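This report concerns only the one structure given below.
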Amino acid sequence: MILDLPLQLAEQSPYYKHLGITIAEAMEGYARLRLDFKDCLTHPYGYLHGGAIASLADSAGINAVLTILKDEQKALTLEMKINYLLPVKDTVIFAEARIIHKGKKIAVVDVDVKNNDGQLVSKAIVTCAIL
């Protein structure tokens with residue numbers, strides 16, 4: 001698979017555009033995505049909504065898997081577990097995803113979401129189906 005496919009898919013994703021997710025880096029088995037803080041993505045206390053953080057983590061996991069697939073293959077999230085460790089306000093966050101297991105039909109990805117200061121904001125495990 002061409003390693004720039006995740007970048008091409010992201011450019012076409014209406015959901016990524018809606019949230020403001022961009023891909024900072026993608027290489028074999030790894031992806032790093034960015035989400036800028038926006039008021040429209042906050043909950044009533046003014047912190048970044050957990051759903052936006054989860055979307056970033058999920059997207060990073062999928063993009064890491066896309067970097068190792070054959071041209072005709074696809075990946076879809078089967079399950080995700082996320083722990084929120086720090087609230088996010090007025091800062092960019094990045095999700096770094098690394099594949100920790102790849103089988104014929106399943107891939108498991110470890111995702112760290114960090115703020116602009118490098119502090120761990122959340123930790124996720126994303127399990128993907130390979131189709």
Side-chain angles (χ1 to χ4, degrees):
M1 185 181 113
I2 301 168
L3 290 180
D4 65 349
L5 180 59
L7 297 172
Q8 293 170 7
L9 292 174
E11 289 174 359
Q12 298 170 10
S13 171
Y15 189 64
Y16 286 14
K17 288 179 185 176
H18 177 71
L19 291 179
I21 292 173
T22 57
I23 298 179
E25 186 178 0
M27 62 182 76
E28 188 172 346
Y30 172 84
R32 184 172 188 255
L33 279 64
R34 174 187 175 127
L35 177 62
D36 292 337
F37 183 88
K38 296 192 288 188
D39 288 334
C40 66
L41 298 178
T42 61
H43 61 54
Y45 297 114
Y47 293 100
L48 193 61
H49 193 282
I53 297 168
S55 289
L56 180 67
D58 179 38
S59 299
I62 283 290
N63 277 279
V65 174
L66 289 175
T67 66
I68 63 165
L69 298 183
K70 297 175 185 165
D71 287 334
E72 69 278 1
Q73 291 180 306
K74 294 175 179 55
L76 299 172
T77 302
L78 285 175
E79 177 181 42
M80 183 172 76
K81 160 76 168 96
I82 189 165
N83 288 320
Y84 299 99
L85 307 171
L86 288 177
V88 176
K89 193 169 191 170
D90 300 323
T91 186
V92 173
I93 58 173
F94 296 90
E96 293 188 8
R98 290 175 177 80
I99 295 173
I100 57 174
H101 170 78
K102 185 204 175 278
K104 291 181 181 180
K105 297 189 179 211
I106 300 284
V108 179
V109 187
D110 180 72
V111 183
D112 288 339
V113 180
K114 296 180 181 180
N115 63 22
N116 208 31
D117 294 329
Q119 296 173 302
L120 190 62
V121 168
S122 66
K123 181 73 171 176
I125 296 290
V126 180
T127 304
C128 301
I130 299 171
L131 309 172

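FYI, the numbering just counts along the sequence from 1. Computed from a predicted structure; not experimentally measured.
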Could you report the tightest heavy-atom contact between [X] and [Y], atom names first, then the distance?
X	Y	answer
Ala97	Ala60	CB-O, 3.3 Å
Gly103	Ile130	O-CD1, 3.8 Å
Ile21	Ser59	CD1-OG, 4.0 Å
Ala57	Val126	O-CG2, 4.0 Å

Measuring from [X]:[atom1] to [Y]:[atom2], what's the distance to the nearest 0.5 Å?
X	Y	atom1	atom2	answer
Lys74	Asp71	NZ	CG	10.5 Å
Ile99	Ile68	CD1	CD1	3.5 Å
Lys38	Thr42	NZ	OG1	11.5 Å
Met27	Glu25	CE	CD	3.5 Å
Thr77	Ile62	OG1	CD1	3.5 Å
His49	Leu19	NE2	CG	11.5 Å

ILVMFWY cluster, [X] and [Y] together (side-chain gap under 4.5 Å):
X	Y	value
Met80	Ile53	yes
Leu69	Val111	yes
Tyr84	Leu35	yes
Leu66	Val108	no
Ile125	Ile93	no

| query | Judged by modelled atom types alone, do Tyr16 and Asn63 share a side-chain donor-acceptor pair under 3.5 Å? | reply |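 Tyr16 vs Asn63: donor-acceptor pair found between side chains.
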
Is there a donor in the side chain of Ser55 and an acceptor in the side chain of Tyr15, or the other way round, less than 3.5 Å apart?
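Side chains of Ser55 and Tyr15: pair found under 3.5 Å.
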
Contact between [X] and [Y] at the side-chain level, heavy atoms closer than 4.5 Å - yes or no?
X	Y	answer
Leu120	Val113	no
Thr91	Phe37	no
Val65	Val109	yes

Joining Ile, Leu, Val, Met, Phe, Trp and Tyr whenever any side-chain heavy atoms lie under 4.5 Å apart, the cluster holding Val92 also takes in Phe94

Query raised in the report: Quick one: hydrophobic cluster around Leu86, which other residues, with the 4.5 Å side-chain cut-off, linked directly or via members?
Result: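 Leu86 clusters with nothing; isolated.
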
Taken in chain and number order and not counting sequence neighbours, the residues that satisfy side-chain hydrogen bond (donor to acceptor under 3.5 Å, both in side chains) with Lys81 are Asn83

Sequence neighbours excluded, the answer for salt bridge (charged side-chain N to carboxylate O under 4.0 Å, His left out) partners of Asp36 is Arg34

Hits for ring-ring contact (aromatic ring centres under 6.0 Å, His included) against Tyr45, two or more places apart or cross-chain, chain-then-number order -> His43

Residue pairs passing the side-chain hydrogen bond (donor to acceptor under 3.5 Å, both in side chains) test with at least one member in residues 114-129, sequence neighbours excluded, are Asp110-Lys123, Asp112-Lys123, Asn115-Gln119

